[in-house]
A.B. asks: 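Structure incoming, see below.
Worth saying up front: this structure is predicted, and the values here are computed from it rather than measured. Here is how names work: the chains are called A, B, and so on, in the same order as the sequence lines, proteins then strands, and each is numbered from 1.
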Amino acid sequence: MSDSTETLAQLPLDAWHRAKGGRMVPFAGYEMPVQYEGIMAEHLWTREYAGLFDVSHMGQLLFHGPDLDTELETLLPGDLKALKDGRLRYSMLLTEDGGIIDDLMATRRGEHFYLVVNGATKHGDIDQFRSRLPSTIVMDHMKEQALLALQGPKAVDALDALVPGVSELSFMQAGLFHWDGKPLWISRSGYTGEDGFEISVSSRDVEALADALSADERVKPIGLGARDSLRLEAGLPLYGHDLDTETTPVAADLTFAIGKRRRNDGGFAGADRILAELASGAISRRVGLNVEGRQPVREGAMVLDAEGNEVGKVTSGGFSPSLQRPIAMAYVPVALAEAGTAITLSQRGKLFQATVAPMPFVPHRYHRKPQGA
Amino acid sequence: MSLYFTKDHEWIRVEGDVATVGISDHAQAALGDIVFAEVPEAGRTLSKGDDAAVVESVKAASDVYAPVSGEVVEGNAAIADEPSLINSDPQGAGWFFKMKLSDESELGGLMDEAAYQDWCKTL
């Protein structure tokens with residue numbers, strides 16, 4: 001199916017985006033705003049104030065049924081059993097040989113688990129869950145829910161003004177709140193590296209909520225373009241670019257998402273391969289790169305060894321608005337993965353010099369609970 | 001002095017046998033925030049349609065083509081240092097390069113400003 005014949009769905013906020021000057025582009029089967037006033041300004045606004053993102057294209061899934069923790073743990077490598085009510089964790093849906101089908105957020109919500117999965121992969125994810133979980137586990141695709149993200153240092157003040165109490169959430173904590181009598185499921189999380197929130201709201205109510213949030217002078221609507229540059233600066237991988245079924249959590253440098261108990265006991269999809277890689281290392285690893293000069297090196301550029309052989313590739317790259325220089329993520333052989341290693345890149349016949357850099361490129365500012373609290 | 005445009009969104013301003021080349025206001029707006037530009041060096045010979053320069057925005061890279069044939073006499077060093085000039089003044093300080101025309105008849109195949117503006121409306 002070509003782009004021209006593909007039927008694009010419209011977000012619940014479609015008209016709102018257009019009224020705000022959003023430039024709409026096809027993404028994940030939807031028409032979505034890529035930018036309003038400009039990526040650079042929107043990016044820097046989010047780092048300084050608060051950006052409002054429409055991420056309603058993402059999949060919101062609710063699971064319930066007997067032995068739910070155990071059943072989900074067969075597919076996800078996270079320690080879900082240890083997850084307290086109203087807490088969320090980053091995890092991955094894995095193939096039987098340890099490849100990444102999607103990355104996601106999993107929240108314990110009373111007797112349920114609530115998963116937020118990527119928009120471009122949600123239908124495939126749903127098929128995976130349906131075919132690989134027992135029929136006793138019931139999954140609800142919450143198609144009537146929209147999802148907003150409010151991100152940035154002023155997000156907490158702006159949202160608390162409308163929804164008192166959200167400031168008491170810590171990073172990776174969530175709860176049910178109400179605004180104007182309407183239920184909102186709010187988590188203190190996001191994908192920009194900033195403090196912020198994700199708000200699940202009925203599609204019926206999302207326009208009123210978006211209006212109320214953007215009436216605050218600290219809040220501006222932000223498009224997909226800045227969402228991508230923000231997450232790149234934050235060192236966060238993007239599914240379909242930095243992650244796919246050919247990459248494992250170890251190669252992707254996401255081993256933090258595999259709990260200690262799961263490392264000892266295994267019992268998740270791909271555990272044989274992943275536990276072996278945890279013990280002896282994967283062949284390649286996702287790293288950050290500081291690129292010399294001013295020209296961005298983008299996805300698809302090749303990593304070259306000293307003899308000029310292609311030994312890896314850039315999976316995300318662009319110009320960092322915060323740092324005012326090009327940055328990238330790449331997969332490189334583990335021998336080249338140490339911070340400070342000099343790397344040669346090739347893009348459209350031109351060579352670039354880069355250095356392996358610690359990530360995040362821009363420090364995270366999550367609202368973590370003080371130690372011991 | 002005459003101003004011409006291409007369907008690839010370059011403009012070319014001809015004074016005597018030297019032409020100045022840049023990208024149109026429409027092109028800079030479509031690209032968004034420009035963060036990098038690479039211009040050709042003096043002495044390089046370009047044929048009409050050759051890759052002449054590179055321009056990159058936060059999100060995307062684009063080539064700038066030679067609208068006509070000739071020899072480059074100057075690349076604009078200012079836009080390499082300050083690429084945002086291409087956004088703020090695309091048909092002025094944001095010019096890319098100057099070239100000496102080798103075949104003035106090639107200008108006949110280009111659009112004037114009114115025709116270009118009409119053509120942009122069809123995109």
A.B. asks: Measure across A61(B) and R348(A) and return the closest heavy-atom pair with its distance rounded to 0.1 Å.
C.D. replies: CB-NH2, 3.6 Å

A.B. asks: Got more than 12 heavy atoms from elsewhere within 6.0 Å of NZ, K20(A)?
C.D. replies: yes

A.B. asks: Does Q324(A), at its CD atom, have more than 12 non-hydrogen atoms belonging to other residues, nucleotides or ligands within less than 6.0 Å?
C.D. replies: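 Atom CD in Q324(A) is packed in, count exceeds 12.
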
A.B. asks: Please determine whether side-chain contact (heavy atoms from CB on, under 4.5 Å) holds for the pair V54(B) and Q295(A), giving the CA-CA distance in whole Å, both sets of side-chain angles, and the decisive distance to 0.1 Å.
C.D. replies: CA-CA 10 Å; V54(B) 174; Q295(A) 184 169 14; 3.8 Å; yes

A.B. asks: Counting heavy-atom pairs closer than 4.5 Å to chain B, which one of G38(A), G225(A), P296(A) comes out on top?
C.D. replies: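 Most pairs with chain B among the choices: P296(A).
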
A.B. asks: Show your working on side-chain contact (heavy atoms from CB on, under 4.5 Å) between Q35(A) and K59(B) and close with a plain yes or no.
C.D. replies: CA-CA 11 Å; Q35(A) 66 170 64; K59(B) 281 300 285 178; over 6 Å; no

A.B. asks: Using a cut-off of 6.0 Å, state whether more than 12 heavy atoms not belonging to K154(A) lie near its atom NZ.
C.D. replies: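 Open: at most 12 neighbouring heavy atoms sit under 6.0 Å from NZ of K154(A).
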
A.B. asks: If you take all heavy atoms of V35(B) and F319(A), which pair is closest and at what distance?
C.D. replies: CG1-CD2, 3.4 Å

A.B. asks: Do the side chains of R294(A) and E38(B) get close enough for a salt bridge, i.e. N-O under 4.0 angstrom?
C.D. replies: no

A.B. asks: Verify the neighbour count for atom NZ of K350(A): are there more than 12 heavy atoms of other residues, nucleotides or ligands below 6.0 Å?
C.D. replies: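 Correct, the count exceeds 12.
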
A.B. asks: Restricting to non-hydrogen atoms, name the atom on D33(B) and the atom on I39(A) that form the minimum distance, rounded to 0.1 Å.
C.D. replies: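 Taking D33(B) first and I39(A) second, the nearest heavy atoms are OD2-N, 3.4 Å.
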
